[in-house]
Protein chains: 2
Amino acid sequence: MSKQPQYTIKDIATEMGVSVSTVSRALSDHPHISEETKGRVRELAEKYDYRHNALAASLRNSRSNTIGLILPRLSQYFPSTVATAIQNKLHEYGYNLMICQSNDSPALEKELVNVLYASRVEGLIVSSTLYTSDFSHFDIFAKSKIPLVFYDRFPKNYEAHKVQGDDYTGGYQNTLHLLQQGCRRIAHISGPLTCNIYEDRYNGYLDALKKYEVPLNEGIVFFHELTRENALKTCEVIFSGSSLPDAIFACNDTTAIAVLEYARKHHIRIPQDVMLTGYSNDPRSEITEPAVTSVEQFPYEVGDQAATLMMNLLRHKIKQEDNYVSITTPVELIRRASSGTAETKVVPDDKAVSPGRQIKAVS
Amino acid sequence: MSKQPQYTIKDIATEMGVSVSTVSRALSDHPHISEETKGRVRELAEKYDYRHNALAASLRNSRSNTIGLILPRLSQYFPSTVATAIQNKLHEYGYNLMICQSNDSPALEKELVNVLYASRVEGLIVSSTLYTSDFSHFDIFAKSKIPLVFYDRFPKNYEAHKVQGDDYTGGYQNTLHLLQQGCRRIAHISGPLTCNIYEDRYNGYLDALKKYEVPLNEGIVFFHELTRENALKTCEVIFSGSSLPDAIFACNDTTAIAVLEYARKHHIRIPQDVMLTGYSNDPRSEITEPAVTSVEQFPYEVGDQAATLMMNLLRHKIKQEDNYVSITTPVELIRRASSGTAETKVVPDDKAVSPGRQIKAVS
DNA sequence: CAACAGCATGCAAACGTTTGCATACATAAA
DNA sequence: TTTATGTATGCAAACGTTTGCATGCTGTTG
């Protein structure tokens, strides 16, 4: 672009012999401009292929019409679906989205926050990195009263609006299901507890055990980043022990699938020898043999809610001064062969967003 | 933001009793500004938490530092990985990325082109929809001499810079592999030929058949959008016919996996009864039972190349006036159990980008 | 006929930067 | 002493919009 001269409303104005204000108003369909003038302006704009300069307008209005999105990475099922949902919803409202990946690096996250602020985004949606502990780089948004919405992963001790899947219930139902299937030695492979989602799932796990009066066996609970490699190592530990678990609850599907891989190689039968459940209902989980029981998180719903909340904040339907909004989206256990069940979808009681944690009573 | 007053370089200037130009230059580390002044400016900027306004700078410079990306959808393995690569590479060069999804709708694509133009992006990277036939909405970019790079899906008859996987070779090697495995009745499930990638894969398929002197059997070649549902329907047709194929070459992995699903339900053994190959090497393809032979497209490489090409265009390392650049990235056949082979990765002859179609000689 | 309303338009400032061209001073070379 | 050279800074225009506040006109009402 740079040196390429632009055709501006000023050019239209001089060509027509009117002022720039008139042209500007004509283009935005202002009621005080005569239909005739509007017609001629549109004609000329068409003729010379005039293009609105959003940059100039943004500067003048202090409104960029752009929302920022920062997430750890895009190239996985859950995050990319959330991003899709957010983008689609924002587009409905005439907003653009600027997506940035932090690659799970807190330093990069911080840089991106500043870049997006410099671009004067009107709002920021964030799923923070696994390792962000200092959230002060977000302060500038609060200070400038720019809406800030977190989803999925977010700070535990930082006041902000939040949208989250119901991880507690997900962990609870997942564990309960295994208990109902008769399992009593349920291993748990979790991410680091510093991250809210893993903490919640773990608490669900603990409470389900409690309900069945099964004591916690700390020897079969693991916390580490949930990659395939780590999962395989953990399998070594689990299956070299003296007393084997009768089930494994993995906190993501990558891990569950790695367990499946390990089991196949070592002739451990799933679900006959060990039952298995995952989390997230990644598309991969339903095509393995056996298919993996998992927890659907409705990523599209999460994204939709986050974007809607952002729009409400921008339109002052929710006052910033009010308390911070916390939306919990429902989850749903998808039972599959890996936990010894035929696939059955449980229709949730309530399709709507639950206002908080709702633990379904189990009969 | 809107009414929130901003702290600007003007404020710094008056507070210091110098001119705004001095402050501006100090902040950009201009050599004519004394170290002392620079120091005091930085101090004040720090103290009042001054934030650069990229909007204003962009307007003044006619440089937005932003690149646009339009793609059909984000929520799949290939596109999200490409987007990740593009974003990471651009970030290295100090550029921001604005990602927009067309949801495979030509109308939305057109709108997004205009929106991104209005935001004065400095370049545009595009993978067009399956149905875009009129590409005139991209003309404005050529006319304004703003770099435009297509990747993956692009217009056949529209002059532009392009980055593409080597679909011809992918189709050729895929088919050749099945022929080498002894198959002679190879069904082909392709996307619409209006799209360049499917056309190339189909041509590869045809040429491989020709090499083995196998006549084309049009009764087992199918063209439709490559969804699971369509694939299942096509399976009905294929397997209700009198003479069954001995192999199926599906043009994406979603289709291949659907074939697998159909086969399992109907007790057709893969690879014993029918061999199967897919395309794209989606993460799902390696975890099915049997794992599906597929073609790795190195999406990260594709994104990286597209972003690098864009940077070169922007820095005039490649003159716009030169002929259009066309980069072909290599592909690699990944042999798996679905085509009767243990997994073996063929090390490609040349890791570098091939300048054009390279058909590996087959011994 | 004066006063007013309503309509269509224009003026000019503002948004926050950047930068080419002065200017002012000090020092060095002729 | 004059002229050149360099250093640190300031002036003011420009980027392309939008918008509050006039202004001038036509037609209506009292």
Side-chain angles (χ1 to χ4, degrees), chain A residues 1-41 44-45 48-66 115 117-122 144, chain B residues 1-41 44-45 48-66 115 117-122 144:
Chain A
M1 61 195 297
S2 38
K3 298 295 110 72
Q4 202 75 5
Q6 299 188 36
Y7 187 78
T8 71
I9 54 171
K10 200 169 178 177
D11 298 315
I12 299 186
T14 49
E15 171 122 9
M16 270 184 61
V18 298
S19 73
V20 287
S21 4
T22 301
V23 177
S24 172
R25 286 193 251 255
L27 286 171
S28 58
D29 207 22
H30 190 103
H32 281 183
I33 302 296
S34 71
E35 281 308 320
E36 195 208 329
T37 309
K38 283 181 188 171
R40 282 172 51 222
V41 167
L44 275 179
Y48 291 106
D49 201 13
Y50 162 77
R51 301 297 181 125
H52 183 249
N53 187 325
L55 243 40
S58 296
L59 177 59
R60 159 68 219 221
N61 302 326
S62 312
R63 298 200 55 227
S64 63
N65 244 266
T66 302
V115 166
Y117 186 88
S119 301
R120 295 299 187 269
V121 293
E122 291 183 51
S144 312
Chain B
M1 61 195 296
S2 38
K3 299 294 109 78
Q4 201 77 3
Q6 299 189 38
Y7 188 78
T8 71
I9 54 171
K10 199 170 179 177
D11 298 316
I12 299 185
T14 48
E15 171 122 9
M16 271 184 62
V18 298
S19 73
V20 286
S21 5
T22 302
V23 177
S24 172
R25 286 192 252 255
L27 287 170
S28 58
D29 207 23
H30 190 103
H32 282 182
I33 302 295
S34 71
E35 281 309 320
E36 195 208 329
T37 309
K38 284 181 188 172
R40 283 172 48 223
V41 167
L44 274 179
Y48 292 107
D49 201 11
Y50 162 79
R51 302 296 180 127
H52 182 249
N53 187 327
L55 243 39
S58 295
L59 177 61
R60 159 69 218 219
N61 301 327
S62 312
R63 297 201 55 229
S64 63
N65 245 267
T66 302
V115 167
Y117 186 88
S119 301
R120 295 299 186 269
V121 292
E122 290 183 53
S144 313

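In this text the structure is predicted, and so the values were computed from the model without any measurement. Just the heavy atoms: all of them, side chains too, but no hydrogens, waters or symmetry mates, feed the values below.
- No engagement by B:S58 is indicated, since no non-hydrogen atom pair under 4.0 Å with the nucleic acid exists.
- Side chains of B:Y48 and B:E15: a donor-acceptor N/O pair is present below 3.5 angstrom, by distance only.
- Looking only at atom types and distance, the side chain of B:T8 has no donor-acceptor partner in the side chain of B:Y50 under 3.5 Å away.
- Side-chain atoms of A:T8 stay outside donor-acceptor range of the base of D:dC15, with no qualifying N/O pair under 3.5 Å.
- Residue-to-nucleotide contacts include no donor-acceptor pair under 3.5 Å from the side chain of A:S34 to the base of C:dC7.
- Not one side-chain nitrogen or oxygen of B:Q6 sits closer than 4.0 Å to the OP1 or OP2 atom of C:dC15.
- Nucleic acid contact for A:Y7: none, since no nucleic acid atom lies under 4.0 Å from a heavy atom of the residue.
- With hydrogens and angles ignored, no donor-acceptor pair under 3.5 angstrom links the side chain of A:R60 to the base of D:dG20.
- We find that CZ of B:R51 is positioned 16 Å from P of C:dG16, with the value rounded to whole Å.
- Contact annotation: A:T22 side-chain N/O to C:dG10 OP1/OP2 distance is under 4.0 Å.
- Going from atom NE2 of B:H30 over to atom P of D:dG6 covers 15 Å, rounded to whole Å.
- Checked by atom type, the side-chain pair A:Q6/B:R120 shows a donor-acceptor distance below 3.5 Å.
- Using a 4.0 Å heavy-atom distance criterion, A:S28 is classed as making no nucleic acid contact.
- Every residue was checked against the side chain to side chain contact (heavy atoms under 4.5 Å, CB included) condition with A:R60, not counting sequence neighbours, and none meets it.
- Rounded to whole Å, the distance from NE2 on A:H32 to C1' on C:dA5 is 12 Å.
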